[in-house]
Novice: 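Submitted below is the structure of interest, expressed as structure tokens.
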Amino acid sequence: MNCRSACLAVLALLAPYAATAQPNDAEPATRAANETVARSLPLADRADFEDAQRGLIAPLPGGVIAGAAGAPPAWNLKLYDFLKGDAAPPTVNPSLWRQAQLNLANGLFKVADRVYQVRGLDIANITIVEGDTGLILTDTTLSVPTAQAALELYYLHRPKKPVVALIYTHSHIDHFGGARGLISDADAASGKVKVIAPSGFMEHAVAENVIAGNAMSRRAQFQFGAPLPVGARGQVDAGLGKALALGAVSLIPPNDTIQQSYETRSIDGVEIEFHLVPGSEAPSEMISYYPQFKVLNMAEDTTHTLHNLYTLRGAAVRDGRLWSKYIGEALDRYGDRTDVVIAQHNWPVWGRDRVAGYLRKQRDVYKFIHDQSVRLMNYGLTPTEIAERLTLPASLANEFAARGYYGSVSHNAKAVYQFYLGWYDANPADLNPLPRVEQARKEIDYMGGADAVLARAREDYKAGQYRWVASVASKLVFADPANKAARALGADALEQLGYQAEASTWRNAYLLGAQELRSGLTATALTTANPDLLKAVSVDLAFDFLAVRLNPAKAEGKRIVVNWTFSDTKETYTMTLENSALSHIAGKLASDADVSVTLSRPTFDAISLKQRSFLGAIATGDLWVTGNPLKLRELFGMFDEFSPNFEVIEPVKAKVE
Ligand SMILES: [Zn+2]
């Protein structure tokens with residue numbers, strides 16, 4: 001027991017429970033928890049604030065980047081003015097408040113001679129290196145308007161030299177989405193502008209978002225908190241930066257790819273050594289070293305937060321062992337000749353000793369979480385037990401850049417378990433439990449019914465036991481989503497957890513959960529359908545995406561074979577529906593096909609984007625069909641349309657067949 005537990009018990013007695021529809025203030029237990037955090041961290045250390053502002057040439061004029069006509073601003077930092085107060089309000093974890101203030105730094109910064117960064121105009125940065133005649137850009141921010149604004153800001157203060165190269169550090173959209181705001185498609189296609197990417201870039205730029213894209217987009221709302229109001233009781237930060245920018249997203253394919261572990265390019269008088277780090281923060285990623293400037297760009301493998309081995313929006317888990325190894329290799333190869341380390345999020349670290357110290361701790365935080373999770377796993381502990389037990393050693397816990405503002409030790413520990421052992425904890429009682437609604441109904445019934453559970457849960461809420469209350473209130477809601485008292489109590493508990501959370505991603509998830517328990521679904525998840533991205537999707541992947549939409553009831557007992565010929569790319573496929581499964585094989589045309597389709601890839605893409613219909617394309621002669629066209633219509637009548645907004649904090653309402 002510590003002072004905190006005793007204080008909480010006393011404070012709880014002073015706090016009557018009353019549910020509200022609006023965000024509440026911090027409860028005494030939350031205030032106490034946040035005060036404990038403030039006391040335990042060296043918040044007076046201003047070194048990061050100095051680094052975040054060092055070299056500032058000019059901030060983003062007005063703090064706002066306009067969106068398209070009629071659309072909201074692509075970027076609006078004025079919403080975050082409330083962060084300029086010194087001390088954290090009781091509704092925000094003081095450690096997260098500090099990070100949120102740091103991520104408010106924005107504008108054009110000089111990093112070293114000939115090396116600049118535009119930061120704080122999106123969640124991600126653009127790095128600008130001045131070559132002999134033009135500019136070598138690294139990454140693009142998420143959207144075209146933010147990228148344009150970044151380049152305009154640079155040109156306001158530096159000579160207007162042309163862009164000669166664009167480097168993508170990795171396959172995540174906040175690093176390539178703004179490309180068309182920086183260069184033209186024509187200049188990339190002709191090679192006039194060199195566009196350099198790590199091996200596997202195009203494939204991975206789209207692959208992660210296609211098959212599970214609908215579920216991921218909805219879940220991303222919880223990770224980033226986009227439907228939340230910005231403010232001290234709402235969204236305050238995203239760990240790696242303030243938030244995701246809005247606006248059009250583009251994808252301009254690279255015309256040069258780094259294939260070997262280490263490759264060097266000389267571009268416009270600037271030597272760059274690339275080091276591939278696949279399977280770390282992204283499946284396709286590279287760091288880069290500039291020997292002339294003694295600058296090391298760690299892409300997204302080191303930032304000023306513990307990153308995600310598992311990302312809450314949902315994605316394949318990442319390998320902490322490999323990630324750590326790459327950072328160690330960079331330290332070994334470049335550490336003693338690096339004066340400044342930069343990344344594509346957050347701010348740089350200057351000074352050879354500080355650089356080495358930072359890289360060592362970044363290397364070790366992933367290694368520690370990986371190794372210690374595996375150690376505990378090999379004792380037989382399961383994910384929640386490992387996550388509860390794992391605490392960083394003081395030397396890492398007191399390093400702000402190793403604290404969890406985006407990832408967390410807790411969910412990363414679970415990711416390590418998942419990486420090696422998957423979802424099953426090996427207890428056969430957990431092998432085939434009832435689904436969550438049936439399970440919840442039984443549990444609530446066994447506990448004496450909803451009213452009895454609510455009464456006890458309210459007492460626990462007053463005692464500050466928010467983790468438990470959120471969990472048991474969720475059982476009540478799954479047993480009966482119309483139970484308003486349970487929804488209100490669950491919302492209140494999630495909200496206090498959000499106010500206490502150090503990770504922005506946890507805060508956003510908790511607060512959006514509270515909002516949806518109170519008000520239901522309020523925002524529309526953004527669609528990721530985009531012509532540029534779709535073009536980059538292979539036919540193979542597009543067909544697989546069709547297959548995951550197949551409704552088995554509609555396909556029951558049907559057999560349909562379709563031949564596909566792509567007239568422009570000369571690709572052929574046989575698609576077979578049987579056993580309620582849709583499969584395809586490349587390079588083959590079946591002799592017994594029910595129907596054969598010939599079309600170009602752009603026509604296929606237009607139909608996929610619903611810009612054109614099959615019938616319309618047949619009428620204009622862009623699509624030829626031989627055999628029985630009714631079979632094609634029958635097949636395309638079997639695909640589900642997913643709703644971008646499905647329920648998360650209560651049972652799914654859509655009728656799922
Ligand atoms: Zn990123």
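Just so it is clear, the model here is predicted, and its values are computed rather than measured. Whatever order the structure lists ligands and atoms in, that order sets their numbers, starting from 1.
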Novice: More than 12 non-hydrogen atoms from neighbouring residues, nucleotides or ligands closer than 6.0 Å to NZ on K161, yes or no?
Specialist: yes
Novice: Can you see whether Y366 has R318 sitting over its ring - NZ or CZ less than 6.0 Å from the centre and within 45° of the normal?
Specialist: no
Novice: Only counting residues at least two apart or in another chain, list the ones meeting side-chain hydrogen bond (donor to acceptor under 3.5 Å, both in side chains) with D339.
Specialist: R352
Novice: Can you name the residues that form a side-chain hydrogen bond (donor to acceptor under 3.5 Å, both in side chains) with R403, not counting sequence neighbours?
Specialist: E502
Novice: Taking the six-membered ring of Y289, is the NZ or CZ of R333 close enough (under 6.0 Å from the centre) and on axis enough (within 45°)?
Specialist: no
Novice: Can you count the protein N/O/S atoms lying under 2.8 Å from the Zn ion (ligand 1), leaving waters out?
Specialist: 4
Novice: For T138, check side chain to side chain contact (heavy atoms under 4.5 Å, CB included) against everything at least two apart and list the hits.
Specialist: T127, I167, T169, Y290, N297, Q344
